[in-house]
4 protein chains.
Amino acid sequence: MDARYLQDKDELKSTADKVDEDRRALLTTGLVGGAVAAAALASSVAQAQTTPAAATMTPFWPHPKWGKDDVAGGSNWITAAKVLDTVKWIKDGKIYRIGRVYETGMPKFGERAFTMRIPGSPTGGPFGKNMLVYHDEYLATEIGQTGTQFDGLGHIGIQMGKDGDKNQMFYYNGHTEQEIGGAYGLAKIGIENCKPFFTRAHLVDVEGLKGQAWDAGQEITVADVRAAFQKQNMQESDVKEGDAVFFNTGWGKLWMKNNDKFNSGEPGIGMEVAKWLIDKGVCTTGADTWATEVVPNPNKDLVFAVHCELIPKNGIYNHENLDFTDLLADRKYQFAYIFSPAPIKGATGSNGGPIAVT
Amino acid sequence: MDARYLQDKDELKSTADKVDEDRRALLTTGLVGGAVAAAALASSVAQAQTTPAAATMTPFWPHPKWGKDDVAGGSNWITAAKVLDTVKWIKDGKIYRIGRVYETGMPKFGERAFTMRIPGSPTGGPFGKNMLVYHDEYLATEIGQTGTQFDGLGHIGIQMGKDGDKNQMFYYNGHTEQEIGGAYGLAKIGIENCKPFFTRAHLVDVEGLKGQAWDAGQEITVADVRAAFQKQNMQESDVKEGDAVFFNTGWGKLWMKNNDKFNSGEPGIGMEVAKWLIDKGVCTTGADTWATEVVPNPNKDLVFAVHCELIPKNGIYNHENLDFTDLLADRKYQFAYIFSPAPIKGATGSNGGPIAVT
Amino acid sequence: MDARYLQDKDELKSTADKVDEDRRALLTTGLVGGAVAAAALASSVAQAQTTPAAATMTPFWPHPKWGKDDVAGGSNWITAAKVLDTVKWIKDGKIYRIGRVYETGMPKFGERAFTMRIPGSPTGGPFGKNMLVYHDEYLATEIGQTGTQFDGLGHIGIQMGKDGDKNQMFYYNGHTEQEIGGAYGLAKIGIENCKPFFTRAHLVDVEGLKGQAWDAGQEITVADVRAAFQKQNMQESDVKEGDAVFFNTGWGKLWMKNNDKFNSGEPGIGMEVAKWLIDKGVCTTGADTWATEVVPNPNKDLVFAVHCELIPKNGIYNHENLDFTDLLADRKYQFAYIFSPAPIKGATGSNGGPIAVT
Amino acid sequence: MDARYLQDKDELKSTADKVDEDRRALLTTGLVGGAVAAAALASSVAQAQTTPAAATMTPFWPHPKWGKDDVAGGSNWITAAKVLDTVKWIKDGKIYRIGRVYETGMPKFGERAFTMRIPGSPTGGPFGKNMLVYHDEYLATEIGQTGTQFDGLGHIGIQMGKDGDKNQMFYYNGHTEQEIGGAYGLAKIGIENCKPFFTRAHLVDVEGLKGQAWDAGQEITVADVRAAFQKQNMQESDVKEGDAVFFNTGWGKLWMKNNDKFNSGEPGIGMEVAKWLIDKGVCTTGADTWATEVVPNPNKDLVFAVHCELIPKNGIYNHENLDFTDLLADRKYQFAYIFSPAPIKGATGSNGGPIAVT
């Protein structure tokens, strides 16, 4: 993310303080199940919209479906039945790589770094009469938060008390910063708890809908999603619980072409589509952008509000900096999405090589 | 690898020098196609076995099947037809994670390190009235060569000239150290060139065959492989070109239980099974050990000779430190192996979350 | 530090909770100057010793001598007059290196790491007709807290409220965790604020006093210090404000010889000598051990209590893992101590090459 | 260094190949002692100047003064006598920090990185009833080659044979790349062999001479040096063997102000002043620039030729990115230079906090 979107943080915090009590009350009421509860809460929140606590429409914890002890969130949707349903979508046998190459010069958020060194040349050898020589590589990076990155449940939380009190920063299923924080890895809800994804995925090509790449700050609405489904000859009702829904905005074309612009903001979904995704019960979302959600948010009070909505509150994952170029070239909008996060203990996300199979 | 297996390197080098010329002549003759050529070379090598150049039975470069410009090796086997064949093996919809959790305390070869730090607690925030807080993780490691690791084509080479001459160290398809080496990543044949794997895999459970875990230095023979196939009710002829073959030795049970012993050596395949794998045309092999091959090699002249045989000469990958526990519990010996390496530009291998699907 | 000394943390925390209020009251009374205040407080604390708040004898903040805005602590003593006084002690012109070589295998506290890689071989070149080639080194480490390490003011703080509340963790001059913490460096009181040291130093050789190396858990008393001064033909009154006082225990002989034992504890100073150092007005202390202070503390309630006393409360630095071997061989107990920390912005300490000059 | 100065490397290499034999012959003749030999060689080289092997005026190895086994180079000048002579220059007791603050945003050469993370917030604690909390910092960087950097003897070498042959890349005292290279640290002539500096230093203020900062590509001549000495009321004859000579160009004012320009080149010394420094027998040189020497070199054939001349051939160190602002404000041009490199085993240089004392 570009630092400019964080500059107003202090201002926002001052106005936010006064709504803390309301918010906390709301968020902890959520112990009811499924879509009914979501609807009820959404309605109560609609009335509360004069307060800025916009990020509070759905139950927060315990998770209404996965329960208070769950640490796997949306990846729980990946059952044997889901795999078998997904296999039915594999007809051509064609594999598309939908992740980007990891390299030092790629766009990076804030202070994150990606530095690789090859120790020696070669690193070691020769060994034996077979005269083996070998290379390693030494990589230092925010491994789960650079390049094509898969946000885990420990990545995003919500502060619900005063600044600096780790007991009042809440993550998925109510885990606090005090409980999960750690100098050497998250003590809980690390990415190692996330199950592999093998599910049906729907690509919403809003770039194709509009005929051009979208601009930073432009929010994808539910109407846009529906229009894209229609244009792509897909049924909204095809989106089943546990499926994945991805967005192509065209913004990804800036990758390694104009990194400064790429980092300066992005088009993406807002709270409306976030709620739609939650209603649909997706396991993960993602996009050809670095945050999936619109930056800056048209609602100036909100900063990465979709992240808050999806990850800590609903356990829905977010796969960023995807690349749908080849799929789009083949007009493949529905496919098997296969991604198995690297189970790095206590990590906030994962690198990897996501694929689409048709 | 335990350092003790490298101690004899200087002694070995002195005896190896005198066979350099023979070896180079042999290796560069290979420009003939397929199995016939391999057989011919194997026969010429059989006569040459009085020289210690044991690691030379098959063509080295250009690769007889993939050609002189190829940089993807065994991953080229993963065609649409192979994917569709593999899908037929998915009947239960059950996903097995066959990679291990990455953590600081895991066994590591030599000087390799795995250090992770969570910057701050949290790393940033709160942002917006939605009060987002977030974590990153900073990981510094030999990313492709720690934990469950997938050896790429740039990992292993063969020195065929005097020590220190990078023009005489050869990697897959004849690339030299001078061509591919680089302080910040391999200039060629990095892991980003490897295609995703979605193929049929056969697990050879020699632990099950023997009824107990194997010991370090014990070599799995072709006879063992065949006996395991029989015991597991599998046909050797089921192993098709482009399939994967993995080995379970029981040695992996030492993981995080007795790391010193785990590192001190391992049971595994030797040159005989390596040739069998090459003949079968596997895309990759792998095991529940850190090298897949027997350490120390019963032939004292050889150090990681299987690595030399498979990777630089034949472009066959090697997935190490796998964990077949759950598959074995369910007696699942044949499955879809799905693994898509993280395309880290210029890396020697990849981390990740390999899965088996049945 | 060996992890075993931290195991009882939870137990200790529970008993410590009840003394929080007392402690906070005491610590914030300190706004009086110099030795009189210290004596007065020491007396009030003496009466309070039935409470376990043993770490509270002297004013905490604002610092009575350097004032509320100070960020340089004991390094403020290094004035021009001090330099000129110190120069008088340089008579031989002999330089002694009193820091250790930094290397991967050295003893390290807890999870700290020290990993160095040489990128390429060489890293770059040849350039120009002069055919320059060059090497870099890539080092990843807790730079201020591995090997011979100089503890800065941001390294150590005292928690005075409930767990997890960063507003109640206090560092030098009352800075809170909330104020100074940061994912990418300390926002305040980083080591870059520390001035270079060029001062008179006194080496207290308690190993020489006893005729043998001390054991872990043995506390150096003021009586020991005085006996050592006498044995070394030094006057206690020679220790002037702004001088440095170092301790040789013999424990350092374990360095790279028996790292496990070295890390398992150490002899060193306790609260009594800490107070003596504060009374003397030293700029820094240090030792041939990894903490300078006795580990485990004979008072089971205390864990690194001398660190708390010296650094956050009094702004006195601590130079650990020094090596006095050459000085001792020459019976040089008084010397110019010259050390200029690397001004790494926001770091908690510094590596470097401290020297003694006689 | 800016990458543009390396672009012509391939072209240069092709023309350089044909002079390799001449150069090798010349460089290995040098086994004669001291200034006479230097003069003789300089004269023979003067005639050879029609060949582009300009970097060959003085003996290369073994070092004529320090001998074939030496690994400390110019730091050998720092004897007790030198320290005592230097102490005479300390009259005010004033310490000037002449190194810069290390921070992520500072100018860096090429791919070098400087990334620091604070693990946790705090990193650990509370421990004991004293409720200690603490911070570490995790730094990943080219520790000896970022910010204020002190080039060690293993940093720079000269390739004298074909590309890629490590036996033909020579470092100080004839060590080859094959001998000193290593994946985890230089096997020989690492910075840990360098002795601490406590010597007389002379600052040549060519910015003051000209009344303005110099531009990139402008070479400081011996005539400039002499004019600056005169303007500063210093005698050239004051420069004794083992002294340090530093240069202020004004280019350093771009530091953290205009990093792109700072990195794009620099004013500095060329081969003429390099020879003057060698003749004077300095222990080290340095400047307010990132290379001390003129970039680009007015002789288009040369790239960092002064580095080759000083470090591998003569064992003279080079302290880069110094900051003389405070010294200049006080018109202090002669001072005690005190710098003790961090003895990082196998490192190519050192970070640190160099000081000037007057």
Side-chain angles (χ1 to χ4, degrees), chain A residues 6 9 12 16 52 55 80 83-84 87 90 92-95 101-103 116 121-122 126-140 142-145 154-159 169 177 181 185 192 196 301-305 308 340-345 347-348 351-353 355, chain B residues 6 9 12 16 52 55 80 83-84 87 90 92-95 101-103 116 121-122 126-140 142-145 154-159 169 177 181 185 192 196 301-305 308 340-345 347-348 351-353 355:
Chain A
L6 308 181
K9 138 180 126 84
L12 286 173
V83 171
L84 293 177
V87 163
I90 302 181
D92 308 322
K94 189 163 178 187
I95 299 177
V101 168
Y102 296 90
E103 51 193 312
M116 193 166 82
S121 182
F127 299 143
K129 287 191 182 171
N130 51 301
M131 301 297 273
L132 174 144
V133 290
Y134 75 96
H135 289 122
D136 291 345
E137 72 293 286
Y138 189 76
L139 176 67
E142 273 82 4
I143 189 71
Q145 303 298 336
H155 180 42
I156 300 291
I158 301 174
Q159 178 177 315
M169 302 172 190
E177 182 71 35
E192 73 277 15
D301 288 341
L302 303 183
V303 180
F304 300 118
C308 287
S340 175
I344 305 171
K345 193 173 186 175
T348 71
N351 68 333
I355 55 174
Chain B
L6 308 181
K9 133 179 130 83
L12 286 173
V83 171
L84 293 177
V87 162
I90 302 181
D92 308 322
K94 189 162 178 188
I95 299 176
V101 169
Y102 296 90
E103 52 193 309
M116 194 166 82
S121 182
F127 299 143
K129 287 190 182 171
N130 50 301
M131 302 296 272
L132 174 143
V133 290
Y134 74 97
H135 289 122
D136 291 345
E137 72 292 287
Y138 189 75
L139 175 67
E142 274 81 5
I143 189 72
Q145 302 298 336
H155 180 42
I156 299 291
I158 301 174
Q159 178 176 316
M169 301 172 190
E177 181 72 35
E192 73 277 16
D301 289 341
L302 302 183
V303 179
F304 300 118
C308 287
S340 176
I344 305 170
K345 193 173 185 176
T348 72
N351 69 332
I355 56 174

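Within every chain, numbering begins at 1; the chains are lettered A, B, ... in the order of the sequence lines, protein sequences first and strands thereafter. These values consider heavy atoms only, across backbone and side chains, with no hydrogens, waters or symmetry-generated copies.
In this structure, B:Val87 and A:Val87 approach most closely via the heavy-atom pair CG1-CG1, 3.3 Å. A:Gly353 approaches B:Pro343 most closely through the heavy-atom pair CA-CD, 4.2 Å. B:Asn351 and B:Ala342 make their closest contact through OD1-CB, 4.1 Å (heavy atoms, listed as atom of the first residue, atom of the second, distance). Across every non-hydrogen atom of B:Glu192 and B:Ala347, the tightest pair is OE1-N, 4.3 Å. B:Ala305 and A:Asn130 get closest at one heavy-atom pair: CA-ND2, 3.3 Å.
Proximity to chain B is limited to the side chain of A:Met169, based on heavy atoms less than 4.5 angstrom apart. In this structure, the portions of A:Leu132 lying under 4.5 Å from any heavy atom of chain B include both its backbone and its side chain. Looking at B:Asp92, the atoms closer than 4.5 Å to chain A (heavy atoms on both sides) all sit in the backbone: N, CA, C or O. Of the two parts of A:Ile355, only the side chain, counted from C-beta on, holds a non-hydrogen atom closer than 4.5 Å to a non-hydrogen atom of chain B. If you measure heavy-atom distances from B:Pro341 to chain A, the contacts under 4.5 Å come from the backbone alone. Interface remark: B:Ile95 contributes side-chain atoms only to the contact with chain A (heavy atom separation under 4.5 Å). At a 4.5 Å heavy-atom cutoff, the contact between B:Ile344 and chain A is made by backbone and side-chain atoms alike.
Classification of the B:Tyr134-B:Phe127 ring pair by plane angle, with boundaries at 30° and 60°, yields tilted.
Side chain of A:His155 to main chain of B:His135: a donor-acceptor pair is present (N/O by atom type, distance under 3.5 Å, no hydrogens or angles).
Interface summary for chain B: among A:Gly144, A:Pro122, A:Gly154, A:Gly185, the most heavy-atom pairs under 4.5 angstrom belong to A:Pro122. Taking B:Asp136, B:Ile90, B:Ile156, B:Val83 one by one and counting their heavy-atom pairs under 4.5 Å with chain A, the maximum is reached by B:Asp136. Here A:Glu137 is the residue among A:Lys345, A:Glu142, A:Gln145, A:Glu137 with the most heavy-atom pairs under 4.5 Å with chain B.
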